[in-house]
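Lettering follows sequence order; numbering is per chain, from 1.
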Amino acid sequence: MSTISNNLHIYNSLNGQKEKFEPIHKDKVGIYVCGPTLYSEPHMGNMRTFINFDLIYRYLLKLGYQVKYVRNITDAGHITNSAGEDVDSIGKVAKLEQVQSLEIVYKYNVKFQELQRIYNMLPPSIEPTATGHIQEQIEIIEKIIENGLAYEVNGSVYFDVRAYGEKFEYGILSGRKVDELAEETRTLNAQDEKRFFADFALWKKANPDDMQIWRSPWGDGNPGWHIECTAMSTKYLGNHFDIHGGGMDLKFPHHEDEIAQNCGALGCNPAKYWMHANMLNVNGQKMSKSFNNYFLPKEIIEGTTNVFEKPYPANVLRFCMMQAHYRSTLDLSSDSLNAAEKGFDRLSEAISKLDKLPIADSSSLDVKALVNSYYNAMDDDFNAPMLQAQLFESVKYINSISDGNATITVDDLSLLTTEMHSFVYDVLGLEMSSQQDDSKLDGVMDLVLNLRQQARTNKDWTTSDQIRDGLATVGIVVKDGKDGTSWK
RNA sequence: GGUCUCGUGGCCGAGAGGCUUAGGCACCGGUCUGCAAAACCGAUUACAGCGGUUCGAAUCCGCUCGAGACCUCCA
């Protein structure tokens, strides 16, 4: 069936099990990820989800799949709080700043795009917007009504969960039972319009002061907050596609309702595999705008958070995140970031040594097995921490070769170099800091180190150390090895 | 209150019945070095608690304690 042989297994949230990945269409993968609502600058927790799905996208590309990666941008506020309150988050900010909703979205989208570049995320194949797909959303709602699974009341349209439950199972993703939901749900107001407490809005009649209003067969209003994903995912990927992803917190109700809408309109679950990325914690609690415990991705890089004492490069953040599995929560702290920074340096340094290694007639280590372990790690539900462990095994090997305690053949070195570069740069999406070449600086450093070497030959340790310490203050580390002095 | 997840050494974090002392960082000893740093070699510290299943459990089951997520906008 597939010409790409893979042993990739993905944890499917639908059944809580790891399943062998078989794409629906030969050699192609369609993936949809719920993107940000742009009423403010995305914080570090938001970024973790996108970075994790970037990793997943990158590995699928690495395996050779033709991947269509769709990640939406939510630029329409939703007015569908069960309490009937106005929760148009975008409109709220727009009113506050006295501008139009789309100005807010545009402003933060520019920042979001910038962050994607800074954190070295590959751009998705397409980033559709909710407001650009109002017509498609209306059409899906009409289909659901035609199928008898939604009803109109007073200019609003609601999904009929009880009717749906006769043909499909509501709650298959989150494991919730409708009758249990009744007891769980907290006190609700403004339920009068709905026939059943669990029904959710597909279309909501406009309030006079809404910032954005659209025309529909049911009058002026706004789309509900799950319908955009159904409209956009199916438009670009078809009724049934391979992977649907998002943050853990979207599992219920957002993804559950997406499944219901898709089944209700098109008769099938939109995705074969559902993937959920876990949260980023701060001091053990989810980073969240509502908890006000968040910091911005740029603040970490600039060192302006209240949490960390010093700035960390985007690469270190990425590296640190890759030390935890995407389904685990991750607690960011100074300690974990410092550890990541050092580890990342060690990895970078070993990689820069690759083209300077001595060649031998035989290899003292099974390089093919080592390289295979990279694939095995990622094949096991994108286990990036395991991949890192294997990369550090490689670092150890490289350092040993460099020190003359291990050997490698030309072919093995070529294989190791190719695959390490590929996994570090292309899959983990890390960029090596030591890559910039500056021939002027090289010249200067040669001169300075020569002077220092003269001093050392004369046993003038004061001068020698003065040079070393001086260089250290501008961030250049001098290392005296057996074969002379090097710097970085 | 309901649903679910998780508790691993000083810290961060993999592993999911024996084939792992995962890995990173820190700490300690050694080699190298004028001294450092780096690198290499080595040592140490562990599976929340209590029971059960098993020849064998961090891994399965039960209970207890603790933490978190979702049930309302959220990545």
Euclidean distance for [atom1], [N] against [M] (whole angstrom):
N      : M      : atom1 : result
B/rG7  : B/rC61 : P     : 13 Å
B/rG13 : B/rU3  : P     : 29 Å
B/rC47 : B/rG17 : C1'   : 14 Å
B/rU5  : B/rC27 : P     : 39 Å
B/rU8  : B/rG2  : C1'   : 30 Å

Legend entry - Base of B/rG34 and ring of A/Trp461 stacked, centres under 5.5 Å, planes under 30°: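 It does: the two rings, one from A/Trp461 and one from B/rG34, meet the stacking criterion.
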Would one find a side-chain N or O of [X] under 4.0 angstrom from OP1 or OP2 of [N]?
X        : N      : result
A/Lys342 : B/rA26 : yes
A/Asn338 : B/rA26 : no
A/Ser464 : B/rC35 : no
A/Asn399 : B/rA39 : no
A/Arg346 : B/rA39 : yes

Is there a donor and acceptor pair closer than 3.5 Å between the side chain of [X] and the base of [N]?
X        : N      : result
A/Asp480 : B/rC35 : yes
A/Arg176 : B/rC4  : no
A/Asp465 : B/rG34 : yes
A/Arg468 : B/rC35 : yes
A/Lys396 : B/rC40 : no

Legend entry - Distance in angstrom units between A/Phe319 CZ and B/rG23 P, rounded: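 Spelled out: CZ on A/Phe319 to P on B/rG23 is 14 Å.
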Legend entry - Pair A/Tyr11 + A/Phe382: ring centers closer than 6.0 Å: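 When the ring centroids of A/Tyr11 and A/Phe382 are compared, they turn out to be at least 6.0 Å apart.
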Consider the side chain of [X], meaning its heavy atoms from C-beta on, and name the nucleotide among [options] that approaches it most closely.
X        : options                : result
A/Asn405 : B/rU72, B/rC40, B/rA14 : B/rC40
A/Gln285 : B/rA75, B/rG13, B/rG68 : B/rG68
A/Arg452 : B/rA14, B/rG34, B/rG24 : B/rG34
A/Lys286 : B/rA38, B/rG34, B/rA69 : B/rA69
A/Gln323 : B/rG24, B/rA75, B/rG13 : B/rG24
A/Ala324 : B/rA75, B/rG13, B/rC40 : B/rG13
A/Ala389 : B/rA39, B/rG23, B/rC25 : B/rG23
A/Ser400 : B/rC40, B/rA75, B/rA38 : B/rC40

Can [X] and [Y] be counted as an ion pair, charged N to O under 4.0 angstrom?
X        : Y        : answer
A/Glu41  : A/Lys298 : no
A/Lys342 : A/Asp345 : no
A/Lys310 : A/Glu341 : yes
A/Asp403 : A/Lys353 : no

Legend entry - Which residue lies more 5' along RNA chain B, comparing A/Ser174 with A/Lys289 via nearest heavy atoms: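 Its nearest nucleotide lies further toward 5', so the answer is A/Ser174.
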Inset, instruction - Return the 5'-most residue of the pair A/Pro253, A/Ala277 with respect to RNA chain B, ranking by each residue's nearest nucleotide. - result: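 Checking each residue's closest nucleotide, the 5'-ward one belongs to A/Pro253.
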Inset, instruction - Could you tell me whether A/Leu330 contacts a base, only the sugar-phosphate backbone, or nothing, with contacts defined as non-hydrogen atoms closer than 4.0 Å? - result: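 A/Leu330: backbone/sugar contact only, no base atoms under 4.0 Å.
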Inset, instruction - Would you classify A/His254 as touching base, sugar-phosphate or nothing, given that sugar-phosphate means primed atoms plus P, OP1 and OP2, and contacts are heavy atoms under 4.0 Å? - result: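 Answer is nothing: A/His254 stays at 4.0 Å or more from every strand.
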Inset, instruction - Using a cut-off of 6.0 Å, state whether more than 12 heavy atoms not belonging to A/Lys459 lie near its atom NZ. - result: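 No - once you tally the heavy atoms of other residues, nucleotides and ligands closer than 6.0 Å, there are 12 at most.
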Paired with [N]: which nucleotide, if any, by Watson-Crick or G-U wobble criteria at under 3.5 Å for both distances?
N      : value
B/rG9  : none
B/rU54 : none
B/rC63 : B/rG49
B/rC40 : B/rG30
B/rG1  : B/rC71

Inset, instruction - Heavy atoms only: give me the nearest A/Ser156-A/Lys205 pair and the separation to one decimal. - result: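 So the two residues come closest at OG-N, 2.9 Å.
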Legend entry - Under 3.5 Å donor-acceptor, A/Thr230 side chain and A/Asn262 backbone: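 Flag not set: sc A/Thr230 to bb A/Asn262 has no pair under 3.5 Å.
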